[in-house]
Amino acid sequence: LWPWLLASSGLSALVQLVTLPFFPDSPSYLLIQKGNEEACRKAIRKLWGEGDHQAEIDDIMKEKVTMTSTKTLRVLEVIKERSLRWQLYILMTVMTTLQLCGINAIYFYSFEVFHTAKFEEYLIPYVSLGVGLCECLSSILCSTLIDRFGRKVLLWGGYTLMCSVLALLTMTLSLQHQFFWMHYFSVILIFLFVVFYGTGP
């Protein structure tokens with residue numbers, strides 16, 4: 001079953017391979033990059049139907065003017081530019097904490113936790129699949145929450161809840177040999193961690 005499940009991801013790639021040649025190019029790409037206004041109008045008509053789309057073309061033209069007046073910076077120039085320093089610090093902090101937040105450790109040790117919780121061997125891959133599905137669903141939920149609460153709230157809330165869950169998970173793993181129900185609590189905490197990771201960072 002697993003080889004078929006892994007191969008199923010190629011189905012979406014095959015659908016894209018077959019259908020993409022029938023889709024028009026991006027109007028902004030045709031106008032800004034290629035400089036072909038007629039092809040841009042044709043792509044707009046194909047995407048949005050017949051009608052007067054001059055307002056959209058004017059918006060793309062304004063974008064083109066903005067892009068041409070903006071200087072493209074090299075990596076070293078971005079690092080040296082004082083006005084971009086804080087944005088660079090924030091970006092580096094977010095990316096570093098994302099790599100060091102513990103999600104990889106959770107995925108790596110989840111199999112052992114499920115095994116210790118006395119799950120049947122044939123059930124453990126499906127429970128692991130449930131963890132991945134949980135992350136997928138929480139990421140979809142995040143896309144609706146981000147407009148309502150903002151990125152900053154989700155980052156702070158996500159990392160705070162993830163730290164709390166990791167502290168509890170450390171405690172439950174330490175006490176799992178003393179209380180039989182700690183195994184199941186650890187499994188619940190793994191799922192909660194993945195949900196908070198998907199909705200937060």
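FYI, side chains are in, hydrogens and waters are out, and symmetry mates aren't considered; it's all heavy atoms of this structure.
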Query raised in the report: Do you know the tightest heavy-atom contact between S186 and T172?
Result: OG-OG1, 3.0 Å
Report summary line: NZ of K42 to CG of L47, rounded to nearest 0.5 Å, is 12.5 Å
Query raised in the report: Could you go step by step and tell me if I190 and V165 meet the side chain to side chain contact (heavy atoms under 4.5 Å, CB included) rule?
Result: CA-CA 8 Å; I190 285 175; V165 168; over 6 Å; no
Query raised in the report: Rounded to the nearest 0.5 Å, how far apart are CZ of F114 and CD of E121?
Result: 13.0 Å
Query raised in the report: So how far is it from Y107 OH to F193 CZ, rounded to the nearest 0.5 Å?
Result: 9.5 Å
Report summary line: All heavy atoms of E81 vs all of S83, minimum pair found to be OE2-OG, 3.0 Å
Report task. Mind running side chain to side chain contact (heavy atoms under 4.5 Å, CB included) on C101 and T97 for me, showing each step along the way? Result -> CA-CA 6 Å; C101 69; T97 53; 5.8 Å; no
Query raised in the report: So, the side chain of R85 versus the backbone of K80: is there a donor-acceptor pair under 3.5 Å, distance only?
Result: yes
Query raised in the report: Between atom CE of M61 and atom CG of D59, what is the distance when rounded to the nearest 0.5 Å?
Result: 11.5 Å
Query - hydrophobic_cluster_shared for V131 and L123, side chain cutoff 4.5 Å - result: no
Query raised in the report: Using 30° and 60° as the class limits, which term best fits the ring planes of H183 and H177: parallel, tilted or perpendicular?
Result: perpendicular
Report task. Check the surroundings of atom OH in Y159: do more than 12 heavy atoms from other residues, nucleotides or ligands lie under 6.0 Å from it? Result -> yes
Query - Heavy-atom closest pair, residues P21 and V18 - result: CD-O, 3.5 Å
Query raised in the report: So do the side chains of E112 and H115 get within less than 4.5 Å of each other, counting heavy atoms only?
Result: no
Report task. Taking all heavy atoms of L173 and all of V113, pick out the closest pair and write down the distance. Result -> CD2-CG2, 4.0 Å
Report task. Following the transitive rule for hydrophobic clusters with a side-chain heavy-atom cut-off under 4.5 Å over Ile, Leu, Val, Met, Phe, Trp and Tyr, establish whether V194 and L155 coincide in one cluster. Result -> yes
Report task. With rounding to the nearest 0.5 Å, note down the distance linking CG in L189 to CE in M171. Result -> 8.5 Å
Report task. Answer with yes or no whether the hydrophobic clustering places Y184 together with M182; edges join I, L, V, M, F, W, Y residues whose side-chain heavy atoms lie under 4.5 Å apart. Result -> no
Report task. Could you tell me the separation between the OG1 atom of T144 and the CZ atom of F149, rounded to the nearest 0.5 Å? Result -> 9.0 Å
**Report entry** E63 (side chain) donor-acceptor with I60 (main chain) under 3.5 angstrom
**Finding:** no
Report task. Check Y29 against K34 and note the closest heavy-atom contact, atom names and distance. Result -> OH-CE, 2.9 Å
Query raised in the report: I90, L98: one ILVMFWY side-chain cluster at the under-4.5 Å cut-off?
Result: yes
**Report entry** Electrostatic pair R41-E37, nearest N-O below 4.0 angstrom
**Finding:** yes
Query - Any side-chain heavy-atom pair of L154 and I146 under 4.5 Å - result: yes
Report task. Please report the shortest heavy-atom distance between G200 and R151, naming the atom on each side. Result -> O-NH1, 3.4 Å
**Report entry** ILVMFWY cluster, L166 and L175 together (side-chain gap under 4.5 Å)
**Finding:** yes
Query raised in the report: Side-chain donor-acceptor pair under 3.5 Å between S138 and Y197, yes or no?
Result: no
Requested in this report: Starting from L20, walk the hydrophobic network (Ile, Leu, Val, Met, Phe, Trp, Tyr; side-chain heavy atoms closer than 4.5 Å) and list everyone else you reach, by chain and number.
Outcome: F23
Report task. For side chain to side chain contact (heavy atoms under 4.5 Å, CB included), just list the numbers for I44 and I57, CA-CA rounded to whole Å, side-chain angles, deciding distance to a tenth of an Å, and then say yes or no. Result -> CA-CA 9 Å; I44 287 176; I57 292 172; 3.7 Å; yes
Report task. Give a yes or no on whether F191 atom CZ has more than 12 heavy-atom contacts from other residues, nucleotides or ligands under 6.0 Å away. Result -> yes
